[in-house]
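Below is one structure, written out as structure tokens; the observations come after it.
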Amino acid sequence: MPPVFRFAPSPNGYLHLGHAYSALLNSDLARQSGGRLLLRIEDIDSTRCRVEFEQAIFDDLAWLGIAWEQPVRRQSEHLTDYRAALARLAAEGLLYPSFESRAEIARLVAEREACGPWPRDPDGAPLYPGAARRLSPDQQARLLDQDAPSALRLDMATACVRAGHLAWTEQGEGGDGETGRVEARPLEWGDVILARKETPTSYHLSVVVDDALQGVSEVVRGQDLFQATAVHRLLQELLGLPEPIYRHHRLIRDPAGHKLAKSSQSTGLRELRAAGLRPTDIRQLVGLS
Ligand code: GLU
């Protein structure tokens with residue numbers, strides 16, 4: 001079976017040099033290995049994603065000379081797939097609803113931090129400080145009825161016991177330079193949110209469901225997602241999904257060493273194209289021959 005690669009941008013801004021590197025690397029690897037290249041539009045956040053950004057993604061990738069298979073999978077069109085995965089986790093007793101707003105969570109964390117540091121996930125966000133797991137079924141039902149803001153969280157400790165030891169195969173320039181079989185430590189992420197009332201999925205859930213449904217065998221993406229792979233391996237294990245190979249690549253940074261932002265004019269592909277650069281110049285700028 002030929003390997004299957006994918007580039008999976010979110011249409012919440014215009015693509016920059018970092019996206020170009022990721023897309024070109026996926027495209028090169030697919031071509032060199034006789035594999036397939038898929039494009040997936042990760043548009044579950046309806047407040048930030050826009051159709052004009054999606055069209056710009058198609059235009060920029062085509063300009064770069066990248067060819068992808070049709071049809072393109074748009075996550076917002078597949079919410080039933082994510083609901084089915086959630087139902088499976090719920091049936092296993094691995095989910096619980098929490099009802100705090102973002103502001104309440106920030107207040108709870110501040111309270112805890114008055115007594116010392118509160119644990120944070122690998123991205124630096126505080127772990128869930130609430131007590132929702134201890135609500136009785138009656139209390140849960142009442143809050144759900146009251147239309148309170150709610151999020152479905154993974155009971156991480158139970159999920160980790162259920163899944164046992166987890167690892168993934170890393171072929172890239174790993175976060176800590178790790179390659180080979182890397183131990184996954186999803187516990188560090190705490191009780192991650194897998195769905196919200198207004199969005200019946202999350203990045204973590206949809207990415208593993210889609211990679212499996214689309215038969216993706218090689219996940220090539222930025223190093224900023226290296227640590228999140230632990231959560232992805234856990235969900236794959238809990239949902240009985242196959243394990244792809246991962247290759248986390250270096251990030252393209254600005255001269256000051258910062259990660260590129262979608263709003264940055266100086267590294268936006270549209271701006272660089274308007275300034276007269278050609279696709280070969282972009283390859284050179286991101287260090288691809
Ligand atoms: N949609 C994610 C992003 O734009 C990438 C997800 C992935 O490659 O797993 O950062």
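Atoms within a ligand are numbered from 1 in the order they appear, just like the ligands themselves. Just so you know, these numbers come straight off a predicted model, no measurement behind them.
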Can you list, by chain and residue number, every protein residue with a non-hydrogen atom closer than 4.0 Å to ligand 1?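 Heavy-atom contacts below 4.0 Å: R6, A8, P9, S10, E42, Y203, V207, R221, L225.
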Remaining members of Y14's ILVMFWY cluster at a side-chain heavy-atom cut-off under 4.5 Å?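 Y14 shares its hydrophobic cluster with F53.
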Taking transitive links into account, so neighbours of neighbours count too, which hydrophobic residues share a cluster with V161 at under 4.5 Å side-chain distance?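 Its cluster mates, by chain and number: none.
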More than 12 heavy atoms of other residues, nucleotides or ligands under 6.0 Å from CZ of R102: is that the case?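 Result for CZ/R102: open.
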Using a cut-off of 6.0 Å, state whether more than 12 heavy atoms not belonging to R253 lie near its atom CZ.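 Atom CZ in R253 is packed in, count exceeds 12.
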When you measure from the side chain of N26 to the backbone N and O of V220, does any donor-acceptor pair fall under 3.5 Å?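 Between the backbone of V220 and the side chain of N26 there is a qualifying donor-acceptor contact (under 3.5 Å).
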Output every pair passing ring pair (Phe, Tyr, Trp, His ring centres under 6.0 Å) with a member in residues 70-126, not counting sequence neighbours, ordered by first then second residue.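 Qualifying pairs, neighbours excluded: none.
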